Amino acid sequence: MCGRFAFHSPASLLVDRFAATIHGDAPAPRYNAAPMQTLPVVRFNPETKERRLSPLRWGLVPVWSKDPSGAAKMINARAEGVTERPAYRSAFKKRRCLVPFDAYYEWRKVDGAKIPHAIATDSNGPDAFAGLWEGWKDPASGEWLHTFTIITTEANDATRAIHDRMPVILPPDHWSA
DNA sequence: CCAGACGTTGTT
DNA sequence: GTCTGG
DNA sequence: CCAGACGTTGTT
DNA sequence: GTCTGG
């Protein structure tokens, strides 16, 4: 799965590598990004053809939700069901995003103890998780809440020894899709 | 028809 | 909004 | 994912 | 032990 991660590359490197403009303040480095925190993601706006790095809250709230209380359960979306699940399928069609990271954490069980491991990118700079995003309008305030989730899949060779699930990592040639 | 869910992981 | 379970 | 709570009544 | 909040 993916419940914690880090990103600490300088903002200038994010801008170059993702060809994105920064919306709002430059993101601060994070070594322990956690669910329900507001974290930088890259989105493509088909109207303006612009790619932007914007702060969204981790934990997806579908637009039809009565309230945002289910967000913490929606931090990951299984790749196997992302086209079918009511909570994710419309975002999968129209609202994909990139979640920049430098490392992610998985916990390994050893005799009942949980040992955290960091799986880091190689030295080319930040990579990207495959994400989905949504907007939810608070009926009380009229404010829009923007949220995202990280897609997960079966672990690859680098991760399998630690854990059986991991975030989907998109290679750079998929960042424009 | 209406009411209620809509999610993932890990552990037994 | 849309599907599932009753 | 981890950390921390795990409760009710009445009043603003 | 299990749920909630971050």
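All of these numbers come straight from a predicted model, not from anything done at the bench. Each chain gets a letter, A, B and so on, in the order the sequences are listed, and its residues count up from 1. No hydrogens, no waters, no symmetry mates; every other heavy atom, side chains included, goes into these values.
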A.B. asks: Are A:Tyr104 and A:Leu56 connected in a single hydrophobic cluster, I mean Ile/Leu/Val/Met/Phe/Trp/Tyr linked by side-chain heavy atoms less than 4.5 Å apart?
C.D. replies: yes
A.B. asks: Given the P atoms of B:dT12 and E:dG1, what is the spacing between them in whole Å?
C.D. replies: 9 Å
A.B. asks: Between the side chains of A:Arg165 and A:Thr159, does any donor sit under 3.5 Å from an acceptor?
C.D. replies: no
A.B. asks: Going by the rule side chain to side chain contact (heavy atoms under 4.5 Å, CB included), which residues pair with A:Pro100 if we only count those two or more places apart in sequence or in a different chain?
C.D. replies: A:Leu14, A:Phe18, A:Val42, A:Leu53
A.B. asks: Under 4.0 Å between any heavy atoms, over every strand shown, what does A:Arg108 touch: base, sugar-phosphate, or nothing? Just pick one.
C.D. replies: nothing
A.B. asks: Step by step, work out the side-chain hydrogen bond (donor to acceptor under 3.5 Å, both in side chains) result for A:His146 and A:Arg57.
C.D. replies: CA-CA 6 Å; A:His146 291 106; A:Arg57 203 178 73 171; over 6 Å; no
A.B. asks: For the pair made of CZ in A:Phe129 and P in D:dC1, what is the distance, rounded to whole Å?
C.D. replies: 14 Å
A.B. asks: What would the secondary structure line of DNA chain B be in dot-bracket form, counting Watson-Crick and G-U wobble pairs under 3.5 Å, with [ ] for pairs that cross earlier ones and | for pairs with another strand?
C.D. replies: ||||||......
A.B. asks: Among residues two or more places apart or on two chains, list those pairs meeting salt bridge (Lys or Arg N to Asp or Glu O under 4.0 Å) that have a residue in residues 5-18 of chain A.
C.D. replies: A:Arg17-A:Asp127
A.B. asks: Please enumerate all residues that pass salt bridge (charged side-chain N to carboxylate O under 4.0 Å, His left out) together with A:Arg160, with sequence neighbours excluded.
C.D. replies: A:Asp157
A.B. asks: Take atom P in B:dC6 and the same atom in E:dG6, then report the distance between them in whole Å.
C.D. replies: 23 Å
A.B. asks: The criterion is salt bridge (charged side-chain N to carboxylate O under 4.0 Å, His left out); which residues satisfy it with A:Arg30, sequence neighbours excluded?
C.D. replies: none
A.B. asks: Donor-acceptor pairs under 3.5 Å, side chain of residues 63-70 of chain A to any protein atom, not counting sequence neighbours: which ones?
C.D. replies:
residue	atom	partner	partner atom	Å
A:Ser65	OG	A:Pro62	O	3.0
A:Asp67	OD1	A:Ser69	N	2.8
A:Asp67	OD1	A:Ser69	OG	2.3

A.B. asks: For B:dT9 and D:dC2, measure between their P atoms and round to the nearest Å.
C.D. replies: 14 Å
A.B. asks: In terms of hydrophobic clusters joined by side-chain contacts under 4.5 Å, are A:Val82 and A:Met1 together?
C.D. replies: no
A.B. asks: Going by heavy atoms closer than 4.0 Å, what residues in residues 138-150 of chain A are next to DNA chain B?
C.D. replies: none
A.B. asks: Within the structure shown, what part of the strands sits under 4.0 Å from A:Asp164 by heavy-atom distance: base, sugar-phosphate, or nothing?
C.D. replies: sugar-phosphate
A.B. asks: NE2 of A:His117 versus P of D:dC1: gap in Å, rounded?
C.D. replies: 14 Å
A.B. asks: Identify whether NZ of Lys or CZ of Arg in A:Arg43 sits under 6.0 Å from the centre of the six-membered ring of A:Trp133 and within 45° of that ring's axis.
C.D. replies: yes
A.B. asks: Where do N or O atoms of nucleotides 1-3 of chain E meet protein N or O atoms at under 3.5 Å, pair by pair?
C.D. replies:
none

A.B. asks: With A:Arg52, which residues qualify under salt bridge (charged side-chain N to carboxylate O under 4.0 Å, His left out), at least two apart?
C.D. replies: A:Glu50
A.B. asks: Which residues pass the salt bridge (charged side-chain N to carboxylate O under 4.0 Å, His left out) test with A:Arg4, sequence neighbours left out?
C.D. replies: none
A.B. asks: Base, sugar-phosphate, or nothing for A:Pro35, non-hydrogen atoms under 4.0 angstrom?
C.D. replies: base
A.B. asks: Is it true that the NZ or CZ of A:Arg95 lies under 6.0 Å from the centre of A:Phe92's six-membered ring and within 45 degrees of the ring axis?
C.D. replies: no
A.B. asks: Tell me the interatomic distance from A:Ile75, atom CD1, to E:dG6, atom P, rounded to whole angstroms.
C.D. replies: 15 Å
A.B. asks: Take the protein atom CG of A:Leu60 and the nucleotide atom C1' of D:dC1, then report the distance between them rounded to whole Å.
C.D. replies: 17 Å
A.B. asks: Using the test side chain to side chain contact (heavy atoms under 4.5 Å, CB included), find all partners of A:Pro86 that sit at least two apart in sequence or belong to another chain.
C.D. replies: A:Arg89
A.B. asks: Could you go through nucleotides 3-8 of chain B and list every protein N or O atom that sits under 3.5 Å from one of its N or O atoms, giving the distance for each pair?
C.D. replies:
residue	atom	partner	partner atom	Å
B:dG7	OP1	A:Ala87	N	3.3
B:dT8	OP1	A:Arg78	N	2.7
B:dT8	OP2	A:Arg85	NE	3.3

A.B. asks: Hey, does the side chain of A:Trp58 come within less than 4.0 Å of E:dG6's phosphate (OP1/OP2), counting only N and O?
C.D. replies: no
